[in-house]
> 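Can you keep this structure in mind? I'll have questions shortly.
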Amino acid sequence: MPENDSREEIRFAGTAVSPGIVRGRVHLKGVLMDEPESRRIAEGEVEGEKARLRQALVKTREQIIEMRQKIEVSAGSENASIFDAHLLLLEDSTVLDEIMRLLENERRNVDRVYFEVIERYLESLRRIEDPYLRERAIDIEDVARRVLRNLGPGENADEEMVFEGMGEEFILVAHDLTPSDTASIDRNHVMGFATEVGSTVSHTAIMARSLNIPAVVGIPALRSEVETGDVVLLDGYNGLLIIRPSEETLEKYEVLKAEKAVLLDDLQEMRDRETETADGKQITLSANIEFSHEVSQVQKQGAEGVGLFRTEFFYANEEALRTEKAQTRQYIDVAMAVAPNAVIIRTVDLGGDKLMPGLFTEPEPNPFLGWRGIRVCLDEPDIFRPQLRSILRASARGKVGVMFPFICCVEEIRNAVAALDEEKENLRKAGEPFDANIEVGAMIEIPSAALMADELAKEVDFFSIGTNDLVQYTLAVDRVNDRVADLFRTSNPAVLRLIKHVVEAAHRNGIWAGVCGEMAGDLMMTPLMVGFGVDELSVGASQLLSVRRAISRLEVPECQQLVEKIGGVASAVEVETLCRDLAMEKYPELIS
Ligand code: PEP
Ligand code: MG
């Protein structure tokens, strides 16, 4: 489609999940190429068609390996690992046997047979409401599209595809992206993405923010509205995708971009400052990371350490990183890079929307209420123990803390701490150094844990409040379901009461409390964080400087008064108004 297309612009609104404004051509993901025509073949042609398929598979394999190598160089081996799964799918014997059988029995052209078999397979996967199988469906589509192209006429066969895009930068449009899709995005090609489903606190959105990729999710039926090649503008601040933006729109966006650039520039002065309120109360402002290579970026943004190192992404995506040696290396690298500040490593939080092929063989009816986090760790010592030893080894090389996710009762934290103590003993016997006083924390992200905070506080050195899950479980609102996204409010008074209780319980018992869910970086909520007396906020890299500035403009008594005021308020909307009023008064330039 020509760039000077004269048709009117069309705007689609969704949820802004990762800031930034980009303009470029769309690349649609997740739609199989045109249906190949069905053609009868003679008995004598069957072997030739089989050979054609074999050649296409070999070629596809070579392309995937080449792409894997390219991405490994540009984005690191964790991001390239998705292609290992693609290679496995290519060799899936269920699919290949079925194709060979149909070729012999029905005698039709191989591209058509391949297409039909894959479509049927995808249809059955799409009907199952399971995130792991959905993730597989997306991978299968990627691979199938590539094979079909390689089966096609010679001149199309080398056309670049999917994450390679169109040899230039593009905006990816998809029904959905899994956390591993997002991790494998090649930043050299993908400027931003828009999806039909998704939410602000899904791990896909969290990943987009940490990779600095502008993103909008939750635009229904978007794939039927745009085509590959359409020129669009993606507004990751206001959650808009604009097809064929008019001159006037483009001019407005130039102004907005310039304003944002000025603000970012201005915020640089916060980089080397302490994080403290206008009346001198200090708060630790650290960063959340998903991959060890993010450390340099968060350091550049002035983070005072890493408050949450989510270990499941590098771990689940790449088999090589599951070894004890590779983990130890990763943790030591991060510990040394952030020293003298601390890194808090969270033991692996598999389950929910973060599945690991091979471990989750049976789909669960309710994955977010199932085998997740510490439950998996305690049941799988072969996963848990090497990770604990790796973390302990890293504690000898920097300031390291360890925390356990998804704690729902006191027994779980006791069992986790007992496992840690046993591994300390093992290292001691082996003469390996570690920090005997390593800080141990519990994530408070399940209402039962919040309610039992006084008891749990006696078992650990700190709490880290995971508001993403605390909201999900307190309000019974699936964090990745955009249909109920309106109910997902950190401002809900029930959630706020739990947070207040947890911080007070921590202080009553002489331990510190931080917040590491996305709420920690929500500037509207900063006055409440200060008013509650939260000791540490751990936020995404892009939020660090603005949160530091917001804190610098607030005074503790006015924040405490706000806490008192909202104590008597029953509705989330009213809470939001009160918070917004104070935020607008104190740091209007940070609130869009
Ligand atoms: C949370 O639940 O708030 C949290 C920080 O953990 P995650 O988002 O990884 O579940
Ligand atoms: Mg959580």
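Note that ligands are numbered from 1 as they come in the structure, with each ligand's atoms numbered from 1 the same way. FYI, side chains are in, hydrogens and waters are out, and symmetry mates aren't considered; it's all heavy atoms of this structure.
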> Taking the Mg ion (ligand 2) as the centre, how many protein N/O/S atoms fall inside a distance shorter than 2.8 Å?
2
> In the protein, which heavy atom is nearest to atom 7 (P) of ligand 1, and how far is it?
H203 NE2, 3.3 Å
> Residues in side chain to side chain donor-acceptor pair (under 3.5 Å) with S491, at least two apart?
E576
> Considering only the protein, which heavy-atom contact is closest to atom 6 (O) of ligand 1, and what is its distance?
R346 NH1, 2.9 Å
> Who are the side chain to side chain donor-acceptor pair (under 3.5 Å) partners of R549, not counting sequence neighbours?
D266, E269, E589
> Below 4.0 Å, non-hydrogen atoms only: which portion of R372 touches ligand 1? Side chain, backbone, both or neither.
side chain
> If you take all heavy atoms of F384 and A419, which pair is closest and at what distance?
CE2-CB, 3.8 Å
> If we set the cut-off at 4.0 Å for heavy atoms, which region of L308 has an atom near ligand 1: side chain, backbone, both, or neither?
side chain
> Heavy atoms only, cut-off 4.0 Å: how does M519 contact ligand 1, side chain, backbone, both, or neither?
neither
> Under a 4.0 angstrom heavy-atom cut-off, which atoms of ligand 1 come close to R310?
4 (C), 5 (C), 6 (O), 7 (P), 8 (O), 9 (O)
> Check this for me: does any side-chain nitrogen of one of E312 and R346 sit under 4.0 Å from a carboxylate oxygen of the other?
yes
> Any N or O on E518 sitting closer than 3.5 Å to an N or O of ligand 1?
no
> Heavy atom under 4.0 Å from ligand 1: found in Q472's side chain, backbone, both, or neither?
neither
> Salt bridge or not between R548 and E304? Use side-chain N to carboxylate O under 4.0 Å.
yes
> Under the rule for salt bridge (Lys or Arg N to Asp or Glu O under 4.0 Å), what residues qualify as partners of E324, not counting sequence neighbours?
R389, R393
